[in-house]
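Read through the structure below, which is laid out as structure tokens, and then see the notes.
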2 protein chains.
Amino acid sequence: MHESARGRKSKLSVNKPPTLADVARLAGVSVPTASRALNGGVRGKDSGSPELRLRVLDAADALGYAVNPAAQTTKGGRARTVALLVSDIEDFGSATIISGVMHAAEKRGVSVAVRTTLDDPLREIKLLSALRGERHRAVVIATARTTDAHREQALEAQLRTLDEHGTRVVIVGDSDLDFPAVTVDNHESSRLLADALARSGKRRFAILAAPPIEITSRDRVHGFLQGLAEHDIAVPESNVVHQAFSRDGGYAAIDELGDRIRELDVIAAMSDAMAVGAIARLRELGIESPRDLEVTGFDHVPMLGDVLPRFSTVEVPLEAFGEAALSLALDEGLSDPSARIALYGTPIVHGEPIVR
Amino acid sequence: MHESARGRKSKLSVNKPPTLADVARLAGVSVPTASRALNGGVRGKDSGSPELRLRVLDAADALGYAVNPAAQTTKGGRARTVALLVSDIEDFGSATIISGVMHAAEKRGVSVAVRTTLDDPLREIKLLSALRGERHRAVVIATARTTDAHREQALEAQLRTLDEHGTRVVIVGDSDLDFPAVTVDNHESSRLLADALARSGKRRFAILAAPPIEITSRDRVHGFLQGLAEHDIAVPESNVVHQAFSRDGGYAAIDELGDRIRELDVIAAMSDAMAVGAIARLRELGIESPRDLEVTGFDHVPMLGDVLPRFSTVEVPLEAFGEAALSLALDEGLSDPSARIALYGTPIVHGEPIVR
DNA sequence: CCCTTTAAGGATAGCGTTATCCGACTGCAA
DNA sequence: TTGCAGTCGGATAACGCTATCCTTAAAGGG
């Protein structure tokens, strides 16, 4: 029957990976014993006689055995896995958070399943629904949180279910959701950035922000405005422009500002990505950033520090976000919904970090 | 015992996610029938009476059922999953390839497991060994390939085993490994870049490259040198500097060049990351890139095009890499080890793409 | 009206693990 | 010698799912 399949050389035949049963057979022990030998044994501390243990290890090695995590999950009801939800891997911030989570995950021997929502709330819900079936140890939500009550409630319902099913939930960023969260002081570090800019003599500002429902952007705007207000600087309503929180949004925002650009000292973008888009559009209009007016950002994409030497921004410890999130996700005693890990941004003004 | 755990509201109790058995019970059918109803049925085309099918779907919906992929994998012996090996997610190239693979994977209903090797060959082998147990449909290798025979053979052995066990193997980039691969014409597009630079009057070049064993960098260097040779331009051996293929490598390379910098028209970095590091170091030395000499790159990080307007580089279709790799990994008829998908780079000289 | 074909849903088995239970053996004190 | 606690390895079961087989019933032809 399978004669034809295993016909010629062994190259074409699809033989199966070795299973624990193969290892056990080779070592001359039972399957559960082989399992105990490989896993260090749940029984007290030991796992059978050392001699036998060695025989199993040798057999596993000889066969090139690798445990099948799917079977482990089926049996144990829980995967050694953390799911991570981001909007888009290509986004700098997401990529850095992913990196942080993965580094921390490796140390703990869990692997990370990255899923992208592409900023689609519906897709986000569907993904979370699918995650329910995957029995992850935890889910880390690192997508943008909003003030849209309807949307957040739908999200919360999904997360609540996951939590009840034993998958820990962690939120990255500020939100009203009642789950453990990692936050950064967007408001305060933005205020400090504005303060420093005001001190350096800047007076006329425009702000490039995400749509008002995005909490991160909103907090940064508020902090920035407050920092300016402390220097008696007001920003006209029309100088606060809301566009997509991306390179293209920054580009479009410049056009929305129109002629008001000529009367500005600073265009403060609430993300580095927006700042880059703004710089690109300004250059097309013949306006150079540090020369004619100053464009500032937020996030601190390291590459920009190299090519825009006196660029001002706020360094957000995104890599640390990832590690903190995983700590909340996996460490016992931090499962309280009110658990918070607060991190701090570092304003960088004209290339120099501001030490607090 | 767990009285205290399930004490108060149901909030604290960990109930289990619904299984297919729960759905079947609610719908009043057997478990296999529920499975058939949900999966469209393998039997010919149908899956039971439409009335019953609807009942099952309703029940699943009511319970918020999501299939458990681990159980599916255990049963079927194969996961609906593709593993993707990169060196580092934070690296721009890797992030873009991941994005391409994920987008393509979503269309095909498979999910992607990203693993990072952190440029450690040992870790790479260990990871591949673990992947054997995970029964992925395919593995895409997007780490740097080298000319180190020992290292490549160890890799090939691992990949061969995976292949024999039914996990398709796809390589991203040039290599001597006998597996389906996605390639880009590094040599030719590098030659075209050099040609264009020579035509614009540049004569004195230095080259910043990765260590010679890295195939991608090597091909780009060769192409570049050939392009220059066609204009009777020779690059002294000492002007070809080998450092890490990263921002820091570019930075260090400038110091290695030392005083020879003063006599150069172009410093051609074989990656955008190296170019950025070089630009940073040059600025510290008081040398500005487009003004005093020209630094060029390779890869086309979009952000650089915005902030360095007349930057020269080669656009590598990394997103397309991902899609092509997934096509080789999943489409039947492309499993031949000699299958190749060849993609083309687009030189961008002083901000303008060169149309071939 | 009986036999045959087809369809449809249920029963069963098995994927690779590991937790739980059980039996056998060891060693030691009574 | 008997009794008993303590070890250690094997047998068994179960996780959730789907492929395979089997039973039952309905439909259709002679």
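Quick note on labels: first sequence line is chain A, next is B, and so on, each numbered from 1.
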[X] side chain N/O closer than 4.0 Å to the phosphate oxygens (OP1, OP2) of [N]?
| X | N | value |
| --- | --- | --- |
| B/Tyr65 | D/dG16 | no |
| A/Lys16 | C/dC15 | no |
| B/Ser30 | C/dG10 | yes |
| A/Gln72 | C/dG16 | no |
| A/Ser35 | C/dT18 | yes |

Just how far, in rounded Å, is [atom2] of [N] from [atom1] of [X]?
| X | N | atom1 | atom2 | answer |
| --- | --- | --- | --- | --- |
| B/Glu51 | C/dG9 | CD | C1' | 13 Å |
| B/Arg80 | D/dC17 | CZ | P | 15 Å |
| B/Asn68 | C/dT17 | CG | C1' | 14 Å |
| A/Leu20 | C/dT18 | CG | P | 6 Å |
| B/Arg36 | D/dC21 | CZ | P | 13 Å |
| A/Arg78 | D/dA14 | CZ | C1' | 17 Å |
| A/Arg53 | D/dG9 | CZ | C1' | 15 Å |
| A/Lys75 | D/dG16 | NZ | P | 10 Å |

Checklist entry - So, A/Arg145 versus A/Thr143: side-chain donor-acceptor pair below 3.5 Å or not? => result yes
Checklist entry - With a 3.5 Å cut-off and just heavy-atom distances, do the side chain of B/Arg135 and the base of C/dG16 make a donor-acceptor pair? => result no
Next on the checklist: Treating A/Asp91 as the side-chain partner and A/Asp88 as the backbone partner, does any N or O pair qualify as donor plus acceptor under 3.5 Å?
Outcome noted: no
Checklist entry - Under 3.5 Å, side chain of A/Arg340 to main-chain N/O of A/Val182, donor-acceptor pair present? => result no
Next on the checklist: Walk me through whether A/Glu51 and A/Arg55 qualify under salt bridge (Lys or Arg N to Asp or Glu O under 4.0 Å).
Outcome noted: CA-CA 6 Å; A/Glu51 178 263 341; A/Arg55 214 163 72 219; 3.1 Å; yes
Item to check | Listed once per pair and sorted, the side chain to side chain donor-acceptor pair (under 3.5 Å) pairs that draw on residues 100-113 of chain A, sequence neighbours left out | outcome: A/His103-A/Glu319, A/Glu106-B/Arg123, A/Arg108-A/Asp331
Next on the checklist: With side chain to side chain donor-acceptor pair (under 3.5 Å) as the rule and sequence neighbours excluded, what pairs involving residues 66-81 of chain A come up?
Outcome noted: A/Thr74-B/Thr74, A/Arg78-A/Thr167
Checklist outcome for this item: Among the nucleotides C/dT17, D/dC17, C/dA11, whichever has the atom closest to the side chain of B/Pro32 is C/dA11
Checklist entry - Under 4.0 angstrom, heavy atoms only, what part of the nucleic acid is A/Val31 near: base, sugar-phosphate, or nothing? => result base
Checklist entry - Hey, does A/Thr74 reach any base, or is it just sugar-phosphate, or nothing, if we go heavy atoms under 4.0 Å? => result base
Checklist outcome for this item: Computed from five pairs at either end and rounded to 10 degrees, the angle between the axes of the helix from C/dC1-D/dG30 to C/dA30-D/dT1 is 60°
Next on the checklist: Evaluate A/Arg115 against A/Glu134 for salt bridge (Lys or Arg N to Asp or Glu O under 4.0 Å), listing each step before the verdict.
Outcome noted: CA-CA 13 Å; A/Arg115 299 292 142 83; A/Glu134 299 179 15; 3.2 Å; yes
Checklist entry - Start at the 5' end of DNA chain D and walk down; is the nucleotide closest to A/Gly28 or to A/Gly76 reached first? => result A/Gly28
Next on the checklist: For B/Asp58, is the CG atom crowded, meaning more than 12 foreign heavy atoms sit under 6.0 Å from it?
Outcome noted: yes
